[in-house]
Amino acid sequence: MYNKEIDNKWQKIWDEKKSASFHKERIDKKYYCLEMFSYPSGAKLHVGHWYNYGPVDTFARFKKMQGYEVFQPMGFDAFGLPAENYAIKTGIHPYDSTMNNIDTMEKQLKAMGAMFNFDAEVVTCKEDYYKWTQWLFLKLLEMGLAYRKNANVNWCPSCNTVLANEQVIDGECERCSSVVTKKDLTQWFFKITDYAEELLDGLKELDWPDKTKKIQTNWIGKSTGSVATFKVEGKELAFDVFTTRVDTICGVSYVVIAPEHEMVAKITTEEQKSNIEEYIERCRRITEIDRLADDREKTGVFTGSYAINPVTGEKIQIWIADYVLATYGTGCVMAVPAHDERDFAFAKKYDLPVKQVVTSTDGENIDIKKEAFTKPGILINSGKFNGLTTDEAKNKITEYLKENELGDFKITYRLRDWLVSRQRYWGAPIPVVYCDICGIVPVPEKDLPVKLPYDVEFKPDGKSPLAKSEEFVSTTCPHCGGKAKRETDTLDTFVCSSWYQFRYPDNKNTDKIFDTEWIDKMLPVDKYVGGPEHAAMHLLYARFVTKALSDAGLTKVREPFKSLVHQGLILGPDGNKMSKSKGNVISPDVYVEKYGSDVFRMYLMFGFSYIEGGPWSEEGVTAMVKYFGRLERLLEKMISLKDTKVSEISKDESELCYLFHNLLKGINYDLEQMQFNTAIAKIMEITNAFYKYDQAVEDDKKNTKLLKETISQFIRIIAPFAPHFAEEMWERAGNEFSVFDNVYPQAEEKWLEKDEVEIPVQINGNVKFVILLNKDLGKEQVEKIVLADGRLESYLNGRAIKKIIVVTNKIINIVVG
RNA sequence: GCGGGUAUGGCGGAAUUGGCAGACGCGCCGGACUUAGAAUCCGGUGUUGCAAGACGUGAAGGUUCAAGUCCUUUUACCCGCACCA
């Protein structure tokens, strides 16, 4: 009887025989199968980890049996806020709690029996890893891809700390639910925007879910348009606006610049000064919550200055308003109320002019007093551009602006540079020092890692915890040898996880971040599997870092993850997301202990569509326990059978062969697609067919040749799904260790297709009966046979046949009147 | 608001290209074995109807010999982005 004991037995043997290790000499057959590494914030592996790792291990074992040299590493994304928050709450040091959790989780991962290569393990909070994370930072700094600037960041006034964007949930702090405000701080950024076009373009060639590509596409947010230069009347000043609708430029009735824009002070007139200053102050105070409110009315203030329309020469008012974002485009927009809804609302409120310059191509009634007309159309009231279509006008007007040095074509991206500074303790220190004489000085490679000190007061009070460690802060300048101070911020944990795929295959390298020649053979990752929540951040960052490393000459790889799959989410039995507060959390350990790891992973694979997930079902688990019993009884029987020699295969047996090989073909296909549920359904069908055949054998006292012969194949088919169980059965059947050193069975051509096929016969689209035909018969012959069939008459009821549709080997449809 | 996804028996879920809807499993019903039960093995099970049949993939239309699958409209839920000029 399969149980936990069998798990233990084989896990020990696999460990001793180093079954999961990678053989470098077989590099030409390498298959890099990667699951997103674990975040050891909770103390234990949860069902979600299992659902990611169990089925993917089945996939990896399948690949191994296909002859690939599989590299399936595992590690821990160990830095990060949750450990620090836990420390703040309990007083247990993040290092201690993290190492503790890793210890527990490693044990659990081993109890899973997955083919993880633990020799290749990486733990991002260990010095031998974050040394290279810091090295990566310095490399980017050297390349000009890391820079420091003042930024307006999220601030939680209650926790007294900066928050990452992802920690701001609907305008509130994820920890204390206080309303988040903004604060100006000098921060380190990575210049991901340099790669915007390539990040967008590279998506095309990737075997990724469309949805994920779409999310990245939206995140990058490419927008094609024009810039136009507006001069400020009476001043030697000018500013650019970005627009995707330059065809409406003759309808500009005012321009708006962002309140934070540096030009605001220069153009504000004396009379307007107090209004403007008051408005800017109000904008600064505004909370994230208010900013996000959908129904928020637009506000703004007139600066007192005027701009000149570069096409019409008209004089128009310059306003500031916070509906214009300083961080997108040029931070200035031209407002065309007649053709833009936001501008329309603003113009209505402040009684600004509305001038229509585009009309519909198909005579639509447009009432420009009631609402904006935002569709493309034909230009009117636009002087020499009248009569052009929107598309034509975009080109003509931009060219006109270009000739007059007042504008150009322009592509803008929504993607912002990646803010990597965190005022946090539990992360990799940013390896730079500040010297009064030399300025920002990178820590030399020989001095890496900049160690994260253990004894630090990490309770949040608005300052970086590291700033409170005098021992850490004060240092000497590597350049001039004088007194200097260390950077006290740490790196965003997404930096740690952006390059780990490169470190796994060369995790013990002490000289280099990784060996270029070797890495170029191991990468890219052939199959990457993890949750869809990483669709934008992690996956985009990892792609960016890969491109940067490539440009640094460290690898030829430009896309780290060739093929990507997101597993679904396992919900609680009540259909809700599992959470402690709902009391619907399922602990894998209990089930693994009771039924064995294979039962548990088989349940996870069979009960859901892999990419969908779904609610946990207790009955589903017991059903799988039952199936294992049924399977084991069958296999024991098959193993115990005596081979009786019979020369010919009977009809029953050939039927079984057709079924078996067709199912086998399907299993191979399903596994390749990670459709574990249907693959297991087919294994169950094989099981059922063998039971039935065995029964027939008992009844007729026929030979049992087929069952005896098939046993080796059958165990191999099951092996990736239930590795411990299969290994045990393989041994019991008298085979040598290990079943995984054997090839995965393939369907034999000769058993896939029969000479005769059962074809359904429809009348007006409804199936009436099934007819047995020789394969590939011509249409005329099929028609003849069908018309001669005695059963047809009774279904026709005297109706006349109008037409007969014959789809060879598929279906026959008789249309009657 | 914009973008994307999902919807199929009592339940989880199948259906690769428009071609027998409901594979496989749970549950339920029945049979065998048993003194009995448990376990096991076998059979049945979309709805409706005695039956022939009719109906049936969130809803309403449409295209087609044929639609879960394609088109139009629409509802509910989920996810992403959110004043992006």
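Letters A, B, ... mirror the listed sequences (proteins, then strands); counts begin at 1. Only heavy atoms go into these numbers, but all of them, side chains included; no hydrogens, no water, no symmetry mates.
Looking at A:M605, A:M602, A:E619 one by one, the single match for side-chain contact (heavy atoms from CB on, under 4.5 Å) with A:M624 turns out to be A:M602.
Side-chain contact of A:Q762 with A:Y795: a donor-acceptor pair under 3.5 Å is absent, judged by distance alone.
One can place CD1 of A:I570 at 11 Å from C1' of B:G12, the figure rounded to the nearest angstrom. As rounded to whole Å, 13 Å separates atom C1' of B:C79 from atom CG of A:L571. The nearest whole Å value for the distance from the OH atom in A:Y323 to the C1' atom in B:C83 is 9 Å. Taking atom CD1 on A:I667 and atom P on B:A23, their separation rounds to 18 Å, with Å as the unit. Summarising the geometry, the separation between CD on A:Q673 and P on B:A14 is reported as 14 Å, rounded to the nearest angstrom. Rounded to whole Å, atom P of B:G25 lies 10 Å from atom CE of A:M624. Atom CZ of A:F344 and atom P of B:C83 are 21 Å apart (whole Å). Straight-line distance from the CG atom of A:N218 to the P atom of B:C2: 14 Å, rounded to whole Å.
In this structure, A:W319 has its ring center under 6.0 Å from that of A:Y350. Aromatic pair A:Y591/A:W50: ring centres not closer than 6.0 Å. Centroid-to-centroid, the aromatic rings of A:Y51 and A:Y610 come within less than 6.0 Å. Between A:Y254 and A:F346, the distance from one ring center to the other falls under 6.0 angstrom. Not less than 6.0 angstrom separates the ring centroid of A:F676 from the ring centroid of A:F721.
In this structure, A:G568 reaches neither bases nor backbone, as no heavy-atom distance under 4.0 Å exists between it and the strands shown. Within the 4.0 angstrom heavy-atom criterion, base atoms lie near A:V807. A:G329 comes within 4.0 angstrom of no nucleic acid atom, judged by non-hydrogen atoms across all strands.
For A:A623, counting side-chain heavy atoms from C-beta on, the closest listed nucleotide (B:G25, B:G13, B:A85) is B:G25. Side-chain proximity of A:E685 to B:A14, B:A23, B:A85: nearest is B:A23. When the nucleotides B:C20, B:A85, B:C24 are ranked by their closest atom to the side chain of A:T243, B:A85 comes out on top. Residue A:Y795 has its side chain nearest to B:G53 when only B:G4, B:A21, B:G53 are considered. Checked against B:G19, B:A85, B:C26, the side chain of A:E619 finds its nearest nucleotide in B:C26. Considering only side-chain atoms of A:A681, the nucleotide from B:C79, B:C65, B:A23 that sits closest is B:A23. Set against B:A85, B:C24, B:G13, the side chain of A:F606 has B:C24 as its closest nucleotide. Looking at the side chain of A:T244, the nearest of the listed nucleotides B:C65, B:A85, B:A23 is B:A85.
Here, B:G31 and B:G37 have their P atoms 11 Å apart, quoted to the whole Å. Straight-line distance between the C1' atoms of B:G4 and B:U57: roughly 22 Å, to the nearest whole Å. The same atom, P, is picked in B:G19 and in B:C70; the two are 11 Å apart, to the nearest Å.
Annotation: cation-pi pair A:R543/A:W208 present, NZ/CZ under 6.0 Å from the ring centroid and within 45° of its normal.
Taking a pair as Watson-Crick or G-U with both hydrogen-bonding distances under 3.5 Å, the stems of three or more pairs touching RNA chain B are B:1-7 with B:75-81, B:10-12 with B:24-26, B:27-32 with B:40-45, B:46-48 with B:53-55, B:58-62 with B:70-74.
Remark: A:T678 is not in phosphate contact with B:A15, judged by side-chain N or O atoms under 4.0 Å from OP1 or OP2. Residue A:S617 places no side-chain N or O under 4.0 Å from the OP1 or OP2 atom of B:C11. At the phosphate of B:A14, OP1 or OP2 sits under 4.0 Å from a side-chain N or O atom of A:N677.
Salt bridge status for A:K348 with A:E371: absent, with no side-chain N to carboxylate O gap under 4.0 Å. Classification of A:D574 and A:K582 as a salt-bridged pair fails, no side-chain N sitting under 4.0 Å from a carboxylate O. Salt-bridge annotation for A:K637 and A:D694: present, with a side-chain N of the basic residue lying under 4.0 Å from a carboxylate O of the acidic one.
Between A:Y610 and A:I812, the residue anchored closer to the 5' end of RNA chain B is A:Y610, taking for each the nucleotide with the nearest heavy atom.
Applying the 90° cutoff around 0 to the glycosidic angle, B:G9 is assigned syn.
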Check: What does nucleotides 39-48 of chain B look like as a protein-contact string, B for base, S for sugar-phosphate only, - for none, at under 4.0 angstrom between heavy atoms?
Finding: -SSSS-----
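A donor-acceptor contact under 3.5 Å is formed by the side chain of A:K298 with the base of B:C83.
Annotation: salt bridge (charged side-chain N to carboxylate O under 4.0 Å, His left out) contacts of A:D207 (sequence neighbours excluded): none.
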